[in-house]
Amino acid sequence: MFKIKIPVVGPIRAGKTAISNFLSDAGDSIGTEYIPTIGCRILEMEQDTKISNRREKVEIELWDCSGDLKYENCWTALSHDANGVVFVFNPYEVDHPKELNQWFTHFVQNSGIREECCLVIENKYETETASPNASKLGNLFDSIKKIKSNMEGESENFRNQFTDFVQSVAAFSKSKQDQEEKMILR
């Protein structure tokens, strides 16, 4: 079984825990009470995926990381050996797009994760009826795939988009691992 690690990062109150719970089938994903994550939670799940024209079972670790900047000194440990990154923000929070730049700098630029192994989730709750007031994401995110989450209304479509993302991260990671093994055998 092939294993991949995907930190789920972003500002506080973005919905990282709800999304992580939903994707890993770890119980209620949508709650009415906000409970901040302390440090990090690791959720494990499995997915059958196609890698190099073969069906393979992939074990996925979703690292649901606190958005509180008081844990910033832990980011190096959280990003260590990550295969991909999911960025989550709430478009109704004015500062979220700007704050994502800080997460991008550490989890992508400083960690060497390829942009193809990143995903941005714009998380909107059904209870939010006003127009989004957040500014556009910065140009750091121009080449990164973006999806909108609607776990209450279009949950299967959202889950399928995430499954596709996991498949691409797994395929890239497996290819990289195979190349490293070939280099060792030379």
Side-chain angles (χ1 to χ4, degrees), residues 1-27 29 31 34-47 49 51 57-90 93 95-123 137-138 140-141 143-147 149 162-163 165-181 183-184:
M1 184 179 318
F2 190 65
K3 185 175 186 175
I4 61 173
K5 172 183 174 181
I6 301 175
V8 180
V9 302
I12 60 172
R13 302 186 77 86
K16 298 175 299 294
T17 296
I19 287 171
S20 297
N21 285 346
F22 174 77
L23 294 171
S24 65
D25 293 324
S29 58
Y34 174 72
I35 302 171
T37 300
I38 298 172
C40 177
R41 299 170 49 237
I42 301 172
L43 296 101
E44 295 180 338
M45 56 192 270
E46 291 181 359
Q47 175 178 312
T49 191
I51 301 175
K57 192 171 285 285
V58 176
E59 182 181 325
I60 303 144
E61 287 184 349
L62 287 180
W63 289 48
D64 173 21
C65 303
S66 172
D68 194 327
L69 294 180
K70 73 180 180 184
Y71 298 108
E72 185 176 1
N73 61 345
C74 301
W75 288 4
T76 301
L78 299 175
S79 63
H80 181 72
D81 287 339
N83 302 92
V85 180
V86 172
F87 297 94
V88 180
F89 78 102
N90 181 337
E93 296 290 335
D95 293 332
H96 278 197
K98 182 178 66 173
E99 290 178 36
L100 278 186
N101 290 335
Q102 187 174 2
W103 293 90
F104 181 90
T105 298
H106 183 83
F107 280 84
V108 177
Q109 291 178 333
N110 295 350
S111 299
I113 293 175
R114 296 176 56 104
E115 291 179 1
E116 296 86 4
C117 295
C118 297
L119 177 68
V120 175
I121 299 175
E122 180 181 309
N123 186 36
L137 287 174
L140 292 173
F141 294 93
S143 61
I144 295 177
K145 180 175 174 62
K146 296 161 199 71
I147 64 174
S149 83
F162 183 76
T163 298
F165 167 70
V166 167
Q167 182 169 325
S168 66
V169 170
F172 176 79
S173 300
K174 181 70 170 159
S175 173
K176 183 178 174 185
Q177 179 185 12
D178 291 347
Q179 289 174 354
E180 289 170 355
E181 289 173 359
M183 294 296 289
I184 291 171

Q: Show the numbers, then the answer: is there a side-chain contact (heavy atoms from CB on, under 4.5 Å) between F22 and S149?
A: CA-CA 11 Å; F22 174 77; S149 83; over 6 Å; no

For the [atom1] atom of [X] and the [atom2] atom of [Y], what is their distance to the nearest 0.5 Å?
{"X": "F165", "Y": "T163", "atom1": "CZ", "atom2": "OG1", "value": "11.5 Å"}
{"X": "I42", "Y": "S20", "atom1": "CD1", "atom2": "OG", "value": "11.5 Å"}
{"X": "T17", "Y": "D64", "atom1": "OG1", "atom2": "CG", "value": "3.5 Å"}
{"X": "C118", "Y": "I6", "atom1": "SG", "atom2": "CD1", "value": "10.0 Å"}
{"X": "L23", "Y": "I121", "atom1": "CG", "atom2": "CD1", "value": "6.5 Å"}
{"X": "E61", "Y": "M45", "atom1": "CD", "atom2": "CE", "value": "12.0 Å"}

Could you check whether any side-chain heavy atom of [X] comes within less than 4.5 Å of a side-chain heavy atom of [Y], counting everything from C-beta outward?
{"X": "L137", "Y": "F89", "value": "yes"}
{"X": "F104", "Y": "L100", "value": "no"}
{"X": "V9", "Y": "F87", "value": "yes"}
{"X": "L119", "Y": "V169", "value": "no"}
{"X": "F162", "Y": "V86", "value": "yes"}
{"X": "L78", "Y": "P7", "value": "no"}
{"X": "K3", "Y": "D81", "value": "no"}
{"X": "N101", "Y": "F141", "value": "yes"}

Contact summary for [X] and [Y], nearest pair of heavy atoms:
{"X": "H80", "Y": "K5", "answer": "O-NZ, 2.5 Å"}
{"X": "W103", "Y": "P11", "answer": "NE1-N, 3.8 Å"}
{"X": "A170", "Y": "I51", "answer": "CB-CD1, 3.8 Å"}
{"X": "L140", "Y": "T105", "answer": "CD1-OG1, 4.5 Å"}
{"X": "K146", "Y": "I144", "answer": "NZ-O, 2.7 Å"}

Spell out, as yes or no, whether a donor-acceptor pair under 3.5 Å connects the side chain of [X] to the backbone of [Y].
{"X": "K16", "Y": "V88", "answer": "no"}
{"X": "S66", "Y": "I38", "answer": "no"}
{"X": "H96", "Y": "I12", "answer": "yes"}
{"X": "Q47", "Y": "I60", "answer": "no"}
{"X": "N123", "Y": "N90", "answer": "no"}
{"X": "S111", "Y": "H106", "answer": "yes"}

Q.
Between T49 and V166, does the side-chain contact (heavy atoms from CB on, under 4.5 Å) criterion hold? Intermediate values first, please.
A. CA-CA 8 Å; T49 191; V166 167; 5.8 Å; no

